[in-house]
2 protein chains.
Amino acid sequence: MHAMSIKQVAEAANLPAKTIRYYEDIGLITPARGDNGYRSFGETDLHKLRFVARARSLGFSVDECRTLLAMYEDTDRASADVKALAETHLTRIDEKIRELTEMRQTLSHLVHCCAGDDRPGCPILDDLAGTGRAD
Amino acid sequence: MHAMSIKQVAEAANLPAKTIRYYEDIGLITPARGDNGYRSFGETDLHKLRFVARARSLGFSVDECRTLLAMYEDTDRASADVKALAETHLTRIDEKIRELTEMRQTLSHLVHCCAGDDRPGCPILDDLAGTGRAD
DNA sequence: CCTTGACCTTCCAGTGACTGGAACCCCTAT
DNA sequence: ATAGGGGTTCCAGTCACTGGAAGGTCAAGG
């Protein structure tokens, strides 16, 4: 009941099989092998994969996932360490949002200024070329 | 006055020299060469590089920059084409912002819930492990 | 028994947009 | 002659996969 093929665990963890093989390659998980050389995943493997999938979906890098997994396994570590990692990541996210919002601002202004008809004059290109008026 | 070395044009366009060589590699620009084999950049090259740098800073892919440059060069194209490209990109940016904001939301909630002291219990890890309460 | 098809395996190459480094050439000034 | 500060090429690495080729394994059907 708890020995899964890669396809089964992929479905259960909602990750592509390719990605799971990759995670083994880089040492995130170490599934057992059957007599035929096939990978055989247990509950612990599935648990880890789900953990990583969730952390990845929150934007943590694979390396940070490794650290988070290690922290999860080490029941003695201080919650402050986890919090610090998460806060660093939060700062990074904020920075990205800031950058994107700035891009969005500029670009949406330009799009607004562009007639979008069949004539050639285009304030978007003018801005990129540095010949645009601030308007 | 208008034949620049790679270092000079790099400074003028505010791009690393390495990046400029890369842009030549992929055919974005084709600077002339001097007798010694050194690249020799003219005003047009500088102009293009600045154009690309600006477009990149707005988040367009290098391939889109290629298209934008071609559109800029083609004085007959309709501004609607440019606008369409920009609008597609704008949608992409919005989508990214949405994703990041969602991550931010979840993560900041978790960080808030975490004591961040020297004790081991940590709602962040609990959430990743799927054992966390919704709280 | 043989084949078909769905699985599984490994390994290699490519993605995007650079970035770092090695090994080597060129030119000027001391 | 040598030191330095340019320049050149090419190769490898980043990140997190993803696609594909070549081939092994297994259960079911004819």
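Sequence lines set the chain letters: A, B, ... in the order given, protein chains first and strands last, and positions in each chain run from 1.
Around the CD atom of Q8(B), the shell of radius 6.0 Å holds more than 12 heavy atoms that belong to other residues, nucleotides or ligands. The number of heavy-atom neighbours closer than 6.0 Å to CZ of R92(B), taken from other residues, nucleotides and ligands shown, is above 12. Surrounding CD of Q105(B) are at most 12 heavy atoms belonging to other residues, nucleotides or ligands under 6.0 Å away. Within a 6.0 Å sphere centred on CG of N14(A), other residues, nucleotides and ligands contribute 12 heavy atoms or fewer.
For DNA chain C, none of the residues of residues 44-59 of chain A falls under the heavy-atom distance limit of 4.0 Å.
Between H47(B) and R50(B), the side chains place no donor N or O within less than 3.5 Å of an acceptor N or O (distance only, hydrogens not considered).
Between T88(B) atom OG1 and K83(B) atom NZ the span is 12.5 Å, to the nearest 0.5 Å. In this structure, OH in Y23(A) is found 14.5 Å from CG in D45(A), a value given to the nearest 0.5 Å.
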Checklist outcome for this item: Per-nt protein contacts along nucleotides 19-26 of chain D (heavy atom under 4.0 Å; B base, S backbone sugar-phosphate only, - none) come out as BB---BBS
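For the OP1/OP2 pair of dC8(C) and a distance below 4.0 Å, the side-chain nitrogens and oxygens of S5(A) include at least one atom meeting the criterion. Distances shorter than 4.0 Å separate none of the side-chain N or O atoms of R21(A) from OP1 or OP2 on dA16(D).
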Next on the checklist: Quick one, L28(B) with K48(B), criterion side-chain contact (heavy atoms from CB on, under 4.5 Å). Give me CA distance, side-chain angles, the key distance, then yes/no.
Outcome noted: CA-CA 9 Å; L28(B) 264 191; K48(B) 279 193 190 185; over 6 Å; no
Item to check | Worked check of side-chain contact (heavy atoms from CB on, under 4.5 Å) between I93(B) and H89(B) | outcome: CA-CA 6 Å; I93(B) 290 178; H89(B) 179 43; 3.5 Å; yes
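A straight line from OH of Y22(B) to P of dT19(C) spans 10 Å, rounded to a whole angstrom. In this structure, CD of E24(B) is placed 11 Å from P of dC10(D), rounded to the nearest angstrom. Whole-Å rounding puts the F41(A) CZ to dC8(C) C1' distance at 11 Å. In this structure, F60(B) places its CZ atom 17 Å from C1' of dG16(C), rounding to the nearest Å. Rounded to whole Å, atom C1' of dC8(C) lies 13 Å from atom CD1 of I20(A). Distance L15(B) CG to dC18(C) C1': 11 Å, rounded to the nearest Å. D25(A) places its CG atom 9 Å from the P atom of dC11(C), with the value rounded to the nearest Å. Atoms CD1 (I26(B)) and P (dT15(C)) sit 12 Å apart, rounded to a whole Å.
Residue R39(A) is classed as a sugar-phosphate contact, given heavy-atom separations below 4.0 Å to backbone atoms only. Heavy atoms of I6(B) sit under 4.0 angstrom from primed sugar atoms or phosphate atoms, though from no base atom.
Both L125(A) and L85(B) are part of a single hydrophobic cluster, where members link through side-chain heavy atoms under 4.5 Å apart.
For T19(B), the listed nucleotide lying nearest its side chain is dT19(C); candidates were dC7(C), dT19(C), dC17(D).
Comparing D63(B) and R33(A) against DNA chain C, the residue whose closest nucleotide sits nearer the 5' end is R33(A).
With hydrogens and angles disregarded, no donor-acceptor distance shorter than 3.5 Å links the side chain of S40(B) to the backbone of R33(B).
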Under 3.5 Å, which protein N or O atoms sit close to an N or O of nucleotides 2-4 of chain C? Give each pair with its distance.
none

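At a threshold of 4.0 Å, the pair R98(A)-E95(A) counts as salt-bridged, since one of the basic side-chain nitrogens sits closer than that to a carboxylate oxygen.
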